[in-house]
Q: 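Quick one: structure below, then a few questions.
Counting convention: from 1, in listed order, for ligands and their atoms alike.
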Amino acid sequence: MKHGRRNFLKSMGVASMATTLPLAACTTIDNKAPAVIGNGKMKLSFRPYELKLRHTFTVAGNSRDTTPVVLTEIKYEGFTGYGEASMPPYLGESQASVIGFLKKVDLEQFNDPFMLDDILEYVDSINEGNRAAKACVDIALHDLIGKLVNQPLYRLWGINPDNTPMTSFTIGIDSPEVVRMKTEEAARFRVLKVKLGGGNDREMINTVRSVTDVPIYVDVNQGWKEKHQALEMVHWLAEQGIEFVEQPLPKTAVDDMAWLTENSPLPIIADEAFQRLGDVAAFKGVYSGINIKLMKSTGLREAHKMITVARALEMKVMIGCMTETSCAVSAASQLSPLVDWADLDGNLLISNDIYEGMKVVDGKVTLNNLPGIGIKKIYPST
Ligand code: MG
């Protein structure tokens, strides 16, 4: 039996992981036989899908009712890993650009899905941009390897699923009547994220505060233009029980951001300014922390490295999402026990999810014990 297990690990290229993983990770949760890694080929397939938003969503500079995504599958030896690319318009990717990229991805040259470094380095080298397109391959690959060993990803990373954070629920810029209604609807969340930068900032906060006293995260989406006015507003927000402010100034205003962060009573978090792993070190001193999203980071593997680097630099870490199905949101949730703040509500904003995965229970991100990213397919209710 022991000999068999050793051969199994060796054949999967994970022998070195066995020294750091609990023994249980080498067997399976439900005593199913683990997959045998043979000479199979990975097959990538993809299709466009349009997410319908429950409410029109408005942030500084943008308003929309739908979000285009591309759903991917990687099949290997009878197992299927699921992935997703989400393309809110401001990211510069589209279903056409993602599908164009995925047509260039040849996974059939690899016969061992555990060779993540090799496979994802190849995928990253195909084009400079296309971060969401790269993410949908990365997510499907991680889902696949979790299914092959029949373990949730958090176990493969040694992450305690009990340490998941609360997730915020986002309130977009709107009239006081709509903001009040949305805040009342969000009563089951213990944290709210309020979008500002639309010219009615105090009205937005005062309206939310007239309904609830839960902690509030603020996201300005680069909507403030002048640093002294920004600092004055941050001081006012600190008095209203706000926890931090995300991307208050334009991403190009690096010196102004550094000044604001130095003088701010609240942590200042980079979102639009922050994309890849290589950006993290340069943000030390400019921002208090970073907002990691899989659609920017090219997926889970780089997101996990970003958390490590940010922690080494003593920076705060937030994990967020786009408007996404439970596929990409559940993938990000696997990393959420490692962060300070989570904004993982993208799947709750849509009416036609086709997956079921992470749940929000009493406001807390709650992981299941399904293998991989922890999702199963369902049929949309609308
Ligand atoms: Mg943001």
Q: Between T164 and K364, is the side-chain hydrogen bond (donor to acceptor under 3.5 Å, both in side chains) condition met? List the steps.
A: CA-CA 7 Å; T164 49; K364 190 179 188 305; 2.7 Å; yes
Q: Among the N/O/S atoms of E246, which is closest to the Mg ion (ligand 1)? Give the atom name.
A: OE2
Q: Could you give me the CA-CA distance, side-chain angles and deciding distance for R301 and D117, then say whether salt bridge (charged side-chain N to carboxylate O under 4.0 Å, His left out) is met?
A: CA-CA 9 Å; R301 190 156 178 81; D117 277 339; 2.7 Å; yes
Q: Taking backbone and side chain together, does D343 place any N/O/S atom at a distance below 2.8 Å from the Mg ion (ligand 1)?
A: no
Q: Restricting to N, O or S atoms of D271, which is nearest to the Mg ion (ligand 1)?
A: OD2
Q: Between the main-chain N or O of L107 and the side-chain N or O of K41, is there a donor-acceptor pair closer than 3.5 Å?
A: no
Q: Quick one: are N352 and I354 in side-chain contact, heavy atoms under 4.5 Å?
A: no
Q: Tell me which N, O or S atom from D219 is the closest to the Mg ion (ligand 1).
A: OD2
